[in-house]
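Working notes for the structure below.
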Amino acid sequence: MLACAAMPSHLTPLHSAAAEAVAAHAGVAASELKVETPPRPEMGDFAVGCFTIAKAKKANPAQVAKEIAAAFQPTELLASATAAGPFVNFRANRAAAFKWLIGAATGGSLLPRTLGAGKTITIDYGSPNISKRLAYHHIRSTTIGHALAQSFRALGYRVVAINFLGDWGTTHGMVLAAYERWGAGAPPTIDLLDQLYKRFRAEVADPEGEGRAWLKRLENGEPEATALWQRFRDVSWAEFEEVYRILDIHYDDLNGEAYFAKQTDAILEKLKDEGLLVESEGAQVVELEEEKAPIVLLSKDGTTLYATRDVAAAIYREERYHPTRSLYVVDRGQSFHFRQLFKLLAKMGFGWASTCQHISFGQVKVGGKKAGSRLGNVVLMRDVFKIAEDEVREVIAQVNPSLPADVRDQVARQVGIGAMIFGNLASQREKDIEFDLDKAVSLDGDSGPYVQYSHARCASILRKANEPVATDVDFGKLASDAEWAVAKRLADFPEIVVRATDNCEPHVICHYLLELAGEFSRWYTAGNGDATLRVLVDDAEVRRARLALVAAVQATLREGLSLLGMAAPDQM
RNA sequence: GCACCCGUAGCUCAGCUGGAUAGAGCGUUGGCCUCCGGAGCCAAAGGUCAGAGGUUCGAAUCCUCUCGGGUGCGCCA
């Protein structure tokens, strides 16, 4: 349903050139051809398989590849073509390719900036419940959603970042009841509220019934209950805001469940008129096809439910923003809820129900068990951030003792938080993550700090060069395979970001950055043993060309990190 | 019981919109700076891609089944 047509608008001119070279001799559109990377660099730079072409012609793929390679005429960007079995492998004209790639990367035009022009994406992420601190497991929705928001924005989409606060419902009725019973008068701190809520659930005979009774009072607009609820919401938001500030997340829409609780009457009325809303075991429900459980929209006490408010919110998002895609970045435990919700929207006749998508993700486990405030087992997000930051500060003090204390503290925060973000984004969404503090704060190997460090080294070289980066230089001076390997990675960036957004999988960006950083490090390290391979060599023309390549890598690493929501310090 | 997710090296994971010899990191072993920052680089060792069928010229990748682990299944969110 989300498959985009064969629109290769995100391809680099290099990829397009390869596709066109084959298309010209194959009688197919270039846009239908997939341009790949050969498994080993010595085979070529770009590859196009001839399987489908051969099939259409009822010919042997290897023979077709041979013919296409033989007919190839060099272009500005492509130097040669060779057949390798069923593949046509192209070699780039390196000087021209360097020029385009480095120019695009340093000029900020490597990514297709207008791919999403005129399209809006709403992303519901974070969305914590109030009266509770942000626990570590909240980090997944928050970081995945933010990375998606950043990525869509980078491609020119209009993004509406939504924090659908869990600030309404029976749970919050319980918090009110508990506070009134045991805490009245005490300043309603978030910790106190959480504590009272837990006690309430443990000690009261019918906590949910009492909770619904208080919710009823809220839904009836009783001033005292509402004023108290508002205080709870305010202290909660103050806490959340602190974390969002640390993560540099800014929401566009903060309407939580409470906002939509007021809009459910008309929806329920309409459902009733259409005969969809029926009574079942005292509650008001809508039966859904192929689901054994109906969706419950009104409790037996007449209070609204999560689903009711979500229906109102979905309609609001459509009417207000007209999104091309409406994304819900919420843990997998809620898959059933979203399946029901989307089915109900479709049943109500909303064609746009198909634009709604649950972006689910696996659990964060602590000690093998699901982390979450219901089961206890809570690790607070800010505590983890603090530990990571402290750990990094120590490493910096050892490795880079000359860094001024204020810079060191700032970098420690950027790298510590970055390690957390990267660690949470680096694997596929659907996989569960085992929270291991030691591993989380580790700076070795495939990690966020490794990418940031590579970026800092680029910055360091550019600082040391002390001359402006020029891109109108003789790129023929970049003669080593190591330099070419770095540039080729740059060419992969656009497709990676498009894939990350199409599939809502930010982890592909993480892996891309590790590869780009790794390729850069290999090139860079070669200079340790051989001074002629260093960027800062005496030959001015070679030096300028290499500096341009470093600048291109730096710009791409910085941009990639920003897509993930990570800072890119210039020194660390 | 029904539904969904996961199963790739000792460990943590890429690769899964089908393509060429399945890749990283950690850990283990052995190397590399009178250095443009060693938070780095190179090399060795390590895999019946859970198992069995099927589709295909071609399957870790798609389909079916089995096994193992996890989650969900009306008035919580």
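So that the names make sense, note that chain A is the first sequence line, chain B the second, and so on, each numbered from 1. When reading the values below, keep in mind they use all heavy atoms of this one structure, side chains included, and skip hydrogens, waters and symmetry mates.
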Q.
Over all strands shown, is A:G169 touching base, sugar-phosphate only, or nothing at heavy-atom distances under 4.0 angstrom?
A. sugar-phosphate
Q. Of all the nucleotides listed (B:C5, B:G37, B:A39), which has the minimum atom distance to the side chain of A:R332?
A. B:C5
Q: With the side chain counted from C-beta on, respond yes when A:V48 and A:F87 share a heavy-atom pair under 4.5 Å apart, and no when they do not.
A: no
(Q) Check this one for me: any side-chain N or O of A:R499 less than 4.0 Å away from OP1 or OP2 of B:C16? (A) yes
Q.
Just confirming the chi classification of B:G74, syn or anti, using 90° around 0 as the syn window.
A. syn
Q: Could you check whether A:M174 gets within reach of a base, just the sugar-phosphate, or nothing at all, counting any heavy atom under 4.0 Å?
A: nothing
Q: Output yes if the stacking criterion (under 5.5 Å between centres, under 30° between planes) is met for A:Y306 over the base of B:C76, else no.
A: no
Q. Do any side-chain nitrogens or oxygens of A:S427 fall under 4.0 Å of OP1 or OP2 in B:C13?
A. no
(Q) Work out how far the P atom of B:C16 is from that of B:U34, and round it to whole angstrom. (A) 42 Å
Q: Go through the N and O atoms of the side chain of A:T525 and the base of B:G40, and report whether any donor-acceptor pair is under 3.5 Å.
A: no
**Q.** Min side-chain heavy-atom separation A:P128-A:N163 under 4.5 Å
**A.** yes
Q: For residues A:N400 and A:M572, determine if any side-chain heavy atom of one lies less than 4.5 Å from a side-chain heavy atom of the other.
A: no
Q | Nearest-Å distance once atom C1' is located in both B:G46 and B:C57 | A | 33 Å
(Q) Return whichever of A:P294 or A:T52 has its heavy-atom-nearest nucleotide of RNA chain B closer to the 5' end. (A) A:T52
Q: Report the distance from atom CD of A:Q428 to atom C1' of B:C6, rounded to the nearest whole Å.
A: 10 Å
Q: Using a cut-off of strictly less than 4.0 Å, decide whether A:T171 has a side-chain nitrogen or oxygen near OP1 or OP2 of B:C76.
A: no
Q) Given the C1' atoms of B:C6 and B:A44, what is the spacing between them in whole Å? A) 33 Å
**Q.** Distance, rounded to the nearest Å, where A:N528 contributes CG and B:C35 contributes P
**A.** 9 Å
Q.
Just N and O in the side chain of A:K431: are any of them under 4.0 Å from OP1 or OP2 of B:A14?
A. yes
Q: Please state whether the phosphate of B:C5, meaning OP1 or OP2, lies under 4.0 angstrom from any side-chain nitrogen or oxygen of A:R429.
A: no
Q. Any side-chain N or O of A:H507 under 4.0 Å from OP1/OP2 of B:G15?
A. yes
Q. Dot-bracket for RNA chain B: what is it, with Watson-Crick or G-U pairs under 3.5 Å, [ ] where a pair crosses earlier ones, and | for a pair to another strand?
A. (((((((..((((.....[...)))).(((((.......))))).....(((((..]....))))))))))))....
(Q) Using only modelled atom types and a 3.5 angstrom limit, is any donor from either the side chain of A:S280 or the base of B:G74 paired with an acceptor on the other? (A) yes
**Q.** Verify stack between A:Y450 ring and B:A39 base, 5.5 Å, 30 degrees
**A.** no
Q | Check: A:V498 and A:D502 side chains under 4.5 Å, non-hydrogen atoms | A | yes
Q: Indicate whether OP1 or OP2 belonging to B:G38 is found under 4.0 Å from a side-chain N or O atom of A:Y524.
A: yes
(Q) On the nucleotide B:C76, are OP1 or OP2 found under 4.0 Å from the side-chain N or O atoms that A:R212 carries? (A) yes
Q: With C1' as the reference atom in both, quote the distance from B:U21 to B:C49 in angstrom, rounded to an integer.
A: 15 Å
Q: Look at the side chain of A:N89 and the base of B:A20, then say whether one donor and one acceptor between them are separated by less than 3.5 Å.
A: yes
Q | Touch class at under 4.0 angstrom, heavy-atom based, for A:K300 against every strand present | A | base
Q | Between B:G74 (C1') and A:L344 (CG): distance, integer Å | A | 13 Å
**Q.** Heavy-atom side-chain contact between A:M174 and A:R212 under 4.5 Å
**A.** no
Q. If we require ring centres under 5.5 Å and near-parallel planes under 30°, does A:F336 stack on B:A3?
A. no
Q. Atom CG of A:D436 to atom P of B:C13: distance rounded to whole Å?
A. 10 Å
Q: Could you give me the CA-CA distance, side-chain angles and deciding distance for A:E289 and A:K343, then say whether salt bridge (charged side-chain N to carboxylate O under 4.0 Å, His left out) is met?
A: CA-CA 8 Å; A:E289 286 71 30; A:K343 273 192 179 179; over 6 Å; no
Q. Given B:G38, is OP1 or OP2 found less than 4.0 Å from the side-chain N or O atoms of A:R457?
A. yes
**Q.** Length of the line joining A:E430:CD and B:C13:C1', which is rounded to integer Å
**A.** 16 Å
Q: Send over the distance from A:I433 CD1 to B:C5 C1', rounded to a whole Å.
A: 14 Å
**Q.** Gap in Å between the two P atoms, one belonging to B:U8 and one to B:C13, rounded
**A.** 9 Å
**Q.** Geometric class of the A:H507/A:H511 ring pair [parallel <30°, tilted 30-60°, perpendicular >60°]
**A.** perpendicular
**Q.** Distance, rounded to the nearest Å, where A:R40 contributes CZ and B:G19 contributes C1'
**A.** 13 Å
Q: From the options B:A77, B:G70, B:G74, select the nucleotide whose nearest atom is closest to the side chain of A:D432.
A: B:G70
Q. Any side-chain N or O of A:K292 under 4.0 Å from OP1/OP2 of B:G74?
A. no
Q.
Please report the distance separating the C1' of B:G18 from the corresponding atom of B:C63, rounded so that it comes out in whole Å.
A. 13 Å
**Q.** B:G74 and B:G69, which share atom name C1', separated by this distance in whole Å
**A.** 28 Å
**Q.** Charged tip of A:R457 within 45° of A:Y524 ring normal and under 6.0 Å
**A.** yes
Q) What nucleic acid atoms does A:L443 come within less than 4.0 Å of, heavy atoms only: base, sugar-phosphate, or nothing? A) base
Q.
Measuring to OP1 and OP2 of B:C42, would you say a side-chain N or O of A:R522 lies under 4.0 angstrom away?
A. yes
Q | Atom-pair distance (CZ on A:F338; P on B:U71), nearest Å | A | 20 Å
Q) Would you call the rings of A:F46 and A:H15 parallel, tilted or perpendicular if under 30° counts as parallel and over 60° as perpendicular? A) perpendicular
(Q) Say we look at B:A60 and B:C2: how far apart would their P atoms be, to the nearest angstrom? (A) 30 Å
Q.
Categorize A:Q340 for me: base, sugar-phosphate, or nothing, with a 4.0 angstrom heavy-atom threshold over every strand shown.
A. nothing
Q. Across the strands shown, which category fits A:E257 at heavy-atom distances under 4.0 angstrom: base, sugar-phosphate, nothing?
A. sugar-phosphate
Q: Scan side-chain atoms only and decide if A:D530 and A:T532 contain a donor-acceptor pair under the 3.5 Å cut-off.
A: yes
Q. Only one of A:F260, A:W214, A:W229 forms a ring pair (Phe, Tyr, Trp, His ring centres under 6.0 Å) with A:W168, so which one is it?
A. A:W229
